[in-house]
Protein chains: 2
Amino acid sequence: MSTHEDGSFTYRYPHPAVATDIAIFTLREGRLAVLLIERGEEPFQGDWALPGGFLRPDEDLISCARRELCEEAGVEAPLLRQFGVFSAPDRDPRDRVISVAYLALLSSDRLKPQAGSDAADARWFAVADLPALAFDHRQIVEAALAALRSVAEATDILLDLMPARFTLTRLQAAYEIVTSQVADKRNFRARVLESGLLQETEDMERGPHRPARIYRRV
Amino acid sequence: MSTHEDGSFTYRYPHPAVATDIAIFTLREGRLAVLLIERGEEPFQGDWALPGGFLRPDEDLISCARRELCEEAGVEAPLLRQFGVFSAPDRDPRDRVISVAYLALLSSDRLKPQAGSDAADARWFAVADLPALAFDHRQIVEAALAALRSVAEATDILLDLMPARFTLTRLQAAYEIVTSQVADKRNFRARVLESGLLQETEDMERGPHRPARIYRRV
DNA sequence: CCAAAAGTGTTACTCGTACACCCATGT
DNA sequence: ACATGGGTGTACGAGTAACACTTTTGG
């Protein structure tokens, strides 16, 4: 950038476009799934991509991510965590686009994605079985999974994947799906109950077996 | 973005400028210090700011950070870690600027910052005693310190703060300065020696006390 | 000989992990 | 009655944290 004597200034180089992409995960049918939208426009028309879009002049990046998630997929904004920035000069064939990537988790009782204006369709895909993705979105999903796994072991973030009310067995299943390793039932229960993050309810889930206590977040 | 029938496209909104800022830390006189440059131009002319600058069309963000660090402060590129993105619409009074922030550590035997073209001066400041900073750079420094402290406890990153050859006592001092807590001498030494990251040398540091073994990175 | 920093092992405790059986319900 | 998942305690080992004195040099 150079500043001129009259106080105006110019940038030496053209500005790139700035966008957000959101990798939002949930649990469906016992598998970790990510929300994708079908692109209605070129390039990559008909391919699947992460929800996201361009930054507007009056919003910051996290607001942009929240808005795009709502507009394109009808998903109400949960907690968003910035986990990476993707800036390879040729990652968008049209023009230079910098993408700031956000990670989010959606509880499995609120997943009703509906395609928005820019998307022909919106669907959940199991991460183990992804279609061809537009742009460098495969790479972004991989980075999001790595970020999710690294924070999942150290924090209570996994509660965001759960519906309002759940059993300890379902919570453990969520943990095992995300971390890809089995946990000891007694150790898991002891740890999570001592954390103080769960509240016992009076209700039980019934089935062809002993009823399970239902818990909720405090 | 909208795509036209002829295949061209336009963005709905003007593009922001995209820049990097680098918070590079070292140890000076037993204190954690960050490199700042004195701004030679408005706005904030004469104030201090983190090194950084605008993204060029043919580079990605980490290359930009590495280049700016070299150009503005004469510092050769160590490992850079992206730790945040700053995007408040009014963070730059001139125009919309998105800043991607990088964290770096510099070993204390290579710190000879020299002011580059865009900077009137470049100096190290103890983080406990910062001058007034331009833009939102105070906030960026705080975020960088938080990121540094959180990774310092889990990784070997602190070796990047050390000169080529150092004693275990000096390494422990670096650890204590960054984490702001004292460590047990015997436990620290046992841990770091078992890590396999250090190599004993034949040399000793002399002084008015028992000579200390000098180590280096493997 | 005194000051100053270097160097060195052992013990206690905490935390994580492994492990197996009985219980309550629906069919 | 049986099939299904729910629910519970303990023992062991590893790793972390606490702890004090002797050694070597320069002045």
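Numbered from 1 within each chain, the chains take letters A, B, ... in sequence-line order.
The aromatic rings of A:F125 and A:W48 sit perpendicular to each other, their planes meeting at more than 60°, with 30° as the lower class boundary.
A salt bridge links B:D136 with B:R91; the closest basic N to acidic carboxylate O contact falls under 4.0 Å. Residues B:R123 and B:E38 are not paired through a salt bridge, judged by the lack of any N-O separation under 4.0 Å between the basic side chain and the carboxylate. The pair B:R66-B:E72 does not meet the salt-bridge criterion, since no charged nitrogen lies less than 4.0 angstrom from a carboxylate oxygen. A salt bridge is defined here as a Lys NZ or Arg NE, NH1 or NH2 lying under 4.0 Å from an Asp or Glu carboxylate O, and A:R165 with A:E202 fails to meet this definition.
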Kindly list each side-chain donor-acceptor pair under 3.5 angstrom involving residues 208-218 of chain A, sequence neighbours excluded, with atom names and distances?
| from | atom 1 | to | atom 2 | distance (Å) |
| --- | --- | --- | --- | --- |
| A:R213 | NH1 | A:T201 | O | 2.8 |
| A:R216 | NH2 | A:Q199 | OE1 | 3.3 |
| A:R217 | NH1 | A:D160 | OD1 | 2.8 |

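Each salt bridge (charged side-chain N to carboxylate O under 4.0 Å, His left out) pair with one or both residues in residues 185-197 of chain B, not counting sequence neighbours, would appear here, but there are none.
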After noting the C-alpha distance and the side-chain angles of A:R56 and A:E71, does the key distance pass the salt bridge (charged side-chain N to carboxylate O under 4.0 Å, His left out) rule?
CA-CA 14 Å; A:R56 294 187 180 171; A:E71 285 180 10; 3.6 Å; yes
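The closest donor-acceptor contact from the side chain of A:Q45 to the backbone of A:G40 lies under 3.5 Å. Counting only distance, with no hydrogens or angles, the side chain of B:S63 and the backbone of B:E59 share no donor-acceptor pair below 3.5 Å. Side-chain atoms of B:H137 come within 3.5 Å of backbone N or O of B:L50 as a donor-acceptor pair. Here the side chain of A:E176 pairs a donor or acceptor atom with the backbone of A:A183 at under 3.5 angstrom.
Here C:dA20 presents its P atom at 13 Å from CG of A:N187, a figure rounded to the nearest Å. Taking atom CZ on A:F188 and atom P on C:dA18, their separation rounds to 16 Å, with Å as the unit.
Residues from residues 164-186 of chain B lying near DNA chain D, meaning a heavy-atom separation below 4.0 Å, are B:D184, B:R186 in numerical order. Taking a 4.0 Å limit (strictly below) on heavy-atom distances, residues 197-218 of chain B reaches DNA chain C at B:P208, B:H209, B:R210, B:P211, B:A212, B:R213.
Taken over five-pair windows at either terminus, the axes of the helix from C:dC1-D:dG27 to C:dT27-D:dA1 are inclined to one another by 0° (rounded to 10 degrees).
Of all nucleotides in DNA chain D having an atom under 4.0 Å from a heavy atom of chain A, the first and last in 5' to 3' order are D:dA3 to D:dG9.
A centroid separation of less than 6.0 Å is found between the aromatic rings of B:F135 and B:F44.
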